[in-house]
Every structure is written in C-alpha cells, then in structure tokens.
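Here, residue 1 is the first one in the sequence, and each next residue gets the next number. Only a predicted model underlies this, so the values are computations on that prediction, with no experimental measurement involved.
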Amino acid sequence: YDDATLGRALSDTARMNGVGDGVLRLTLSRGAGARGLAPPENPSPTVVIAAEAGLPPETPARAIVARTARRDQGSALSRLKTLSYLEGVLARMEARDAGADEALLLNTHGRIADGAASTLFVFLGDRLLTPAAAEGALPGIVRAAAIRALGAVERALAPEDVRAADEAMLANSLGVRALVALDGRPIGSGEEGAWCAKLRAIAHADE
C-alpha cells in the first residue's frame, strides 16, 4: 500500500461515514495465518480503517502516577504503536477508578515514560521538556513537531519534576490538554497556561 492508495482509502472512509471533523484510525496487521506466534513466511497484510465523528474536548486533565503497570524502556515495543496495549489499558482503568483522566507510566527505573495514551510535556526551569525516547516514550507525531518547532528538550523526568513544573501538558494526535494536577496536587497555577496554547497550535497546524 503506497501513500496515495492509503490516502484515498482514508478519504473514502470519511466520506462514506459522513465524517467531517472526526477521527480516522488506520490499523495494519500481518493478516491471516496459521495458529501460533511465528509470522507466516509470505504474509498478506490486512488494513482496517475506522471512522468516528467528532473530536474529544481539549479540557484540562488530572492524572495519577500508575502503579498497576510500568513501561519497559529496554523493549523495542516501547518505540512502536501496536495493538499490544495492555499496559495502557491497566493504567487507564487505574486512573478511572481514582477519578482521574490519565495515568503517567513509569519505566523500570521509576522515571516517567509517557501517559497511557499521551505524551507528557512540562515547562520547567525556562525550558519545555519531554521524556526521552530512551526512557520509554513513544516517538509520536506531536512530540516530534514540538521538538522541531518549539525546541522541546528530551530529558529524564521524575514525578517530582512534574509537580514542580510551571505548566504540564498531555498531547497526542487528537489534541492537547493542560495537565493541572498529579495525584491530587495542583501543577503550577492549576490552570491552562501559555505553553499549552503554543503546543496546541503546533499540534493542529497540519489539520
């Protein structure tokens, strides 16, 4: 599947489902094969595109530090967005039970990797910071754009750094939300700040 073919398929799916502003999810699998873990010698990949109208609100969020799951920064899977998502599912369930919107996943060294379904950014010490890929962060699209356009710096971050930040934000391809509290304690002013607006402008620049 080349870019042009996938582009047409995405456009057709949005049109046929009546989706203007909304979400398109493209999933690629290795296709059907015999039972077992080993991939087939001659795979025939399957592409599935799902469409959903509307976008989630970019309202301020509250997070917890997850205790039910950790990200293994040494695993190649930490750099890939796959359907093997149990860590994120467990962390989000823990956040929901705690009355929070998101959970921050620690790596095996106790430092922050990223959110269950988001990338963390903090404004601390006059710099915009984000966990390094070596810490287990998923190298996503918005993260790359913020590093390129806003000069975000990759750095190891601990939960204490988030609590001490002037601002914190959670970002993914669906939007940017101000992170206003962690484990029930406010971050900075406890409200959305200027860096959240800057990051949101970068995230929506190509829409």
Side-chain angles (χ1 to χ4, degrees), residues 23 25-26 55-66 69-73 75-85 87-92 94-95 100-125 127-183 187-188 192-207:
V23 179
R25 181 183 180 92
L26 188 151
L55 293 169
E58 295 177 295
T59 51
R62 299 174 181 273
I64 62 166
V65 175
R70 288 207 176 199
R71 182 68 46 81
D72 181 1
Q73 73 280 358
S75 170
L77 295 179
S78 69
R79 277 75 166 169
L80 302 173
K81 189 172 184 178
T82 74
L83 295 178
S84 179
Y85 214 64
E87 290 172 348
V89 171
L90 290 172
R92 270 295 179 88
E94 185 182 349
D101 306 291
E102 178 62 302
L104 300 183
L105 284 162
L106 302 180
N107 62 23
T108 61
H109 297 303
R111 297 187 292 266
I112 295 173
D114 53 15
S118 61
T119 296
L120 172 71
F121 292 91
V122 298
F123 185 65
L124 176 68
R127 292 191 301 175
L128 184 65
L129 306 173
T130 190
E135 297 291 316
L138 180 70
I141 297 171
V142 176
R143 181 179 179 277
I147 292 172
R148 182 178 61 252
L150 295 179
V153 176
E154 295 181 279
R155 206 194 83 178
L157 293 171
E160 292 75 19
D161 295 317
V162 181
R163 297 186 183 103
D166 296 312
E167 283 188 59
M169 293 133 289
L170 301 170
N172 59 28
S173 294
L174 300 183
V176 177
R177 302 177 70 181
L179 177 59
V180 297
L182 181 62
D183 290 331
I187 297 169
E192 181 175 314
W195 277 96
C196 185
K198 293 178 183 179
L199 186 58
R200 188 173 291 139
I202 293 299
H204 295 314
D206 296 329
E207 292 184 354

- prompt: With distance as the sole test, does R143 use its side chain to make a donor-acceptor pair with the main-chain N or O of P131 at under 3.5 Å?
  reply: yes

- prompt: Looking at side-chain heavy atoms only, is the closest gap between L170 and L120 below 4.5 Å?
  reply: yes

field: Side-chain ion pair, R111 and E135, N-O less than 4.0 Å
entry: yes

Other residues, nucleotides, ligands: >12 heavy atoms within 6.0 Å of R79 CZ: yes

statement: Note: A61 and D101 closest approach over all heavy atoms is CA-OD2, 3.3 Å

task: Kindly indicate whether the side chain of L106, heavy atoms from C-beta on, has any atom under 4.5 Å from the side chain of P159.
output: yes

statement: Note: G115 and L105 closest approach over all heavy atoms is O-CD1, 4.3 Å

- prompt: Judged by atom type as modelled, is there a donor-acceptor pair below 3.5 Å linking the side chain of S75 to the main-chain atoms of D72?
  reply: no

- request: Return yes when atom CZ of R92 has more than 12 non-hydrogen atoms of other residues, nucleotides or ligands closer than 6.0 Å, and no otherwise.
  value: yes

- prompt: Do Q73 and T108 have a side chain donor and acceptor closer than 3.5 Å?
  reply: yes

message: Taking side-chain contact (heavy atoms from CB on, under 4.5 Å) as the definition, give me every residue that meets it alongside L129, ordered by chain and number, with sequence neighbours left out.
response: V122, L124, R127, V153, R155, L157

message: Nearest 0.5 Å, please: how far is CG in L80 from CG in L83?
response: 11.5 Å

query: Got a donor-acceptor contact below 3.5 angstrom from the N107 side chain to the R71 backbone?
result: no

field: E102 side-chain N/O to A117 backbone N/O, donor-acceptor pair under 3.5 Å
entry: yes

message: Using every non-hydrogen atom in the two residues, find where A171 and L199 come nearest and quote the distance to one decimal.
response: CB-CD2, 4.2 Å

query: Are any of the side-chain nitrogens in K198 or E167 under 4.0 Å away from the carboxylate oxygens of its partner?
result: no

message: Any salt bridge linking E87 with R70? Criterion: basic side-chain nitrogen under 4.0 Å from a carboxylate oxygen.
response: no

message: Between V65 and L182, is there a side-chain heavy-atom distance shorter than 4.5 Å?
response: yes

task: Using atom types as modelled and distance alone, determine if a side-chain donor or acceptor of T130 lies under 3.5 Å from a backbone N or O of F121.
output: no

query: Is there a side-chain contact between V176 and C196, using heavy atoms and a 4.5 Å cut-off?
result: yes

message: Just checking L26: does its CG atom have more than 12 heavy atoms from other residues, nucleotides or ligands closer to it than 6.0 angstrom?
response: yes

